[in-house]
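Following: one structure in structure tokens, then a few remarks.
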Amino acid sequence: MRTYLRHRIWNVLDIRELIALEYLDFEGKYKNYSEQHDFWELCYLFDGEITVSLGDESRDLSAGELLLIDPDRRHSYDSSKGNLSSAFVVCFESSSQALRALAGKVFSHSDLAAACMRDIVDESAGTFKMNDEEHLEALSEPNFGGQQIIMLRLEHLLIGLLRDVSSQKNSEVVFLKDENFYSDLSKAIIKFFEEHIREELSLDDVCRKMNYSRSFLCKTFKHHTGETIMGCFNRMKVEEAARLLKETEWSVSDVAHCLGYGEAKHFGELFKRYMGMSPAKYRKMGGKEYDINRLR
């Protein structure tokens, strides 16, 4: 007899509400039309070329490409290049922080995006209409399950984009499994430090890599390791410095420069704070009489 086990399904995206589903008329109101709102906006270009202004920045879109605009970002569309362009926008509400990894990025043509957008457009035509007040309104006889299909296809598309972003080599985006999430997050930060131990990193660099806020990362890391994030990075740098001083003939200045310290003096002060002696004295001792594990 077969044994069936329950498996909890974790939703990585939370699409709360659909706000707008419509084509953009670049020869009409949407040409150089600027707006700002507190929900997400996805623009998929079916034909032509357009330029999307995002505050002080701009993005060029060609047929088959899409752009995700984050909430509260002022934006406008322009098709002044003299070509016929058609685009479809999906505006929606979501509290999923993972979407921040996609904000402001242009994604090239993909079979998944094309298929999802075709389904979204087809279902939209039989499910909703934009009324005179530019609000999404259900048809009197909508497609059965139309709204759910639109949301599922939108989630499918967005998850596909997140997979692509996170799978790229040296990706700046890291997504962790739900199981053991908090401890895995701390481990991911330490691994990031190990891979960049000879670089100069800031707390903002860590936040961008992990895609979480300062306060959340600092609280989580401190709780699971007993160290501050940058305190851990400094300790790891000192450990690497001690190894280099012991195993190479590099000068103290060379070691400091190798580890991303612009001034040997600052490096020396940091080294002494953790090791209780200067780099020069540590080298003279050969590191034999010092247990580096006391730093942990």
Side-chain angles (χ1 to χ4, degrees), residues 12 96-101 103 162 165-166 168-296:
V12 296
S96 300
Q97 290 298 312
L99 292 180
R100 296 291 175 182
L162 289 169
V165 167
S166 61
Q168 294 173 2
K169 187 177 181 180
N170 299 322
S171 173
E172 292 301 311
V173 179
V174 175
F175 295 106
L176 302 173
K177 298 178 181 178
D178 293 294
E179 185 178 356
N180 301 322
F181 171 80
Y182 294 103
S183 60
D184 285 348
L185 181 58
S186 298
K187 292 176 183 177
I189 293 174
I190 293 174
K191 187 175 185 297
F192 177 55
F193 286 157
E194 291 173 345
E195 295 171 346
H196 300 272
I197 195 66
R198 299 191 177 187
E199 299 176 23
E200 184 178 358
L201 298 177
S202 67
L203 184 55
D204 287 338
D205 293 325
V206 180
C207 293
R208 280 191 292 269
K209 175 66 177 179
M210 299 298 137
N211 202 36
Y212 289 99
S213 68
R214 276 173 166 247
S215 58
F216 176 76
L217 285 183
C218 290
K219 182 178 180 180
T220 299
F221 193 86
K222 178 73 172 179
H223 176 75
H224 284 274
T225 68
E227 295 182 284
T228 64
I229 292 178
M230 297 314 296
C232 174
F233 189 45
N234 287 331
R235 173 183 59 75
M236 292 172 65
K237 276 182 173 288
V238 169
E239 290 179 353
E240 177 66 5
R243 186 188 69 80
L244 292 173
L245 289 169
K246 184 177 180 180
E247 299 178 4
T248 73
E249 296 182 357
W250 293 357
S251 68
V252 173
S253 295
D254 288 339
V255 171
H257 181 72
C258 172
L259 292 173
Y261 294 104
E263 298 181 4
K265 181 180 179 181
H266 174 61
F267 163 70
E269 293 173 348
L270 184 67
F271 191 93
K272 187 173 182 179
R273 185 195 312 165
Y274 281 88
M275 301 294 284
M277 65 184 75
S278 68
K281 184 176 180 180
Y282 180 83
R283 162 161 280 169
K284 186 176 180 180
M285 292 173 55
K288 297 179 180 179
E289 300 178 15
Y290 195 89
D291 180 12
I292 200 168
N293 289 322
R294 72 186 286 270
L295 294 181
R296 298 180 181 276

Stepwise, does the side chain to side chain donor-acceptor pair (under 3.5 Å) test hold for E199 with H196? CA-CA 5 Å; E199 299 176 23; H196 300 272; 3.0 Å; yes
What's the spacing between H257 NE2 and R198 CZ if we round to 0.5 Å? 11.5 Å
Are side-chain heavy atoms of P279 and V255 found at a separation under 4.5 Å? no
If we ignore hydrogens and angles and just use 3.5 Å, is the side chain of R283 paired with the main-chain N or O of L245 as donor and acceptor? yes
From the list F192, Y274, F221, F193, ring pair (Phe, Tyr, Trp, His ring centres under 6.0 Å) partner of F233 resolves to F193
Give the minimum heavy-atom separation between M275 and Y282, together with the two atoms involved. CE-CE1, 3.5 Å
Please step through salt bridge (Lys or Arg N to Asp or Glu O under 4.0 Å) for the pair E269 and R273, ending with a clear verdict. CA-CA 6 Å; E269 293 173 348; R273 185 195 312 165; over 6 Å; no
So, does S278 use its side chain to make a donor-acceptor pair with the main chain of K281 at under 3.5 Å? yes
Got L185 and L217 here, is their nearest side-chain heavy-atom distance under 4.5 Å? yes
Do the non-hydrogen side-chain atoms of D254 and E249 ever get within less than 4.5 Å of each other? no
Okay, side chain of D205, backbone of S202: is any donor-acceptor separation there less than 3.5 Å? yes
Is there side-chain contact between R214 and D204, with at least one heavy-atom pair below 4.5 Å? yes
Interatomic spacing from NZ in K284 to CE in M277 - rounded to 0.5 Å: 12.0 Å
H224 versus I189: any side-chain heavy-atom pair under 4.5 Å? no
Side chain to side chain contact (heavy atoms under 4.5 Å, CB included) between C232 and T225: does it pass, once the steps are laid out? CA-CA 9 Å; C232 174; T225 68; 5.8 Å; no
Heavy atoms only: give me the nearest I197-E240 pair and the separation to one decimal. CG1-CB, 4.1 Å
Could you grab the distance from atom CD1 of I190 to atom CD1 of I229, nearest 0.5 Å is fine? 10.0 Å
Nearest heavy-atom contact between W250 and C258 is CZ3-SG, 3.6 Å
For the residue pair D184 and K187, establish whether any side-chain heavy-atom pair is separated by less than 4.5 Å. yes
If you define the side chain from C-beta out and look only at heavy atoms, does anything of L270 sit under 4.5 Å from Y261? yes
State whether R243 and E239 are salt-bridged, where the test is any N-O pair (Lys NZ or Arg NE/NH1/NH2 against Asp/Glu carboxylate O) under 4.0 Å. no
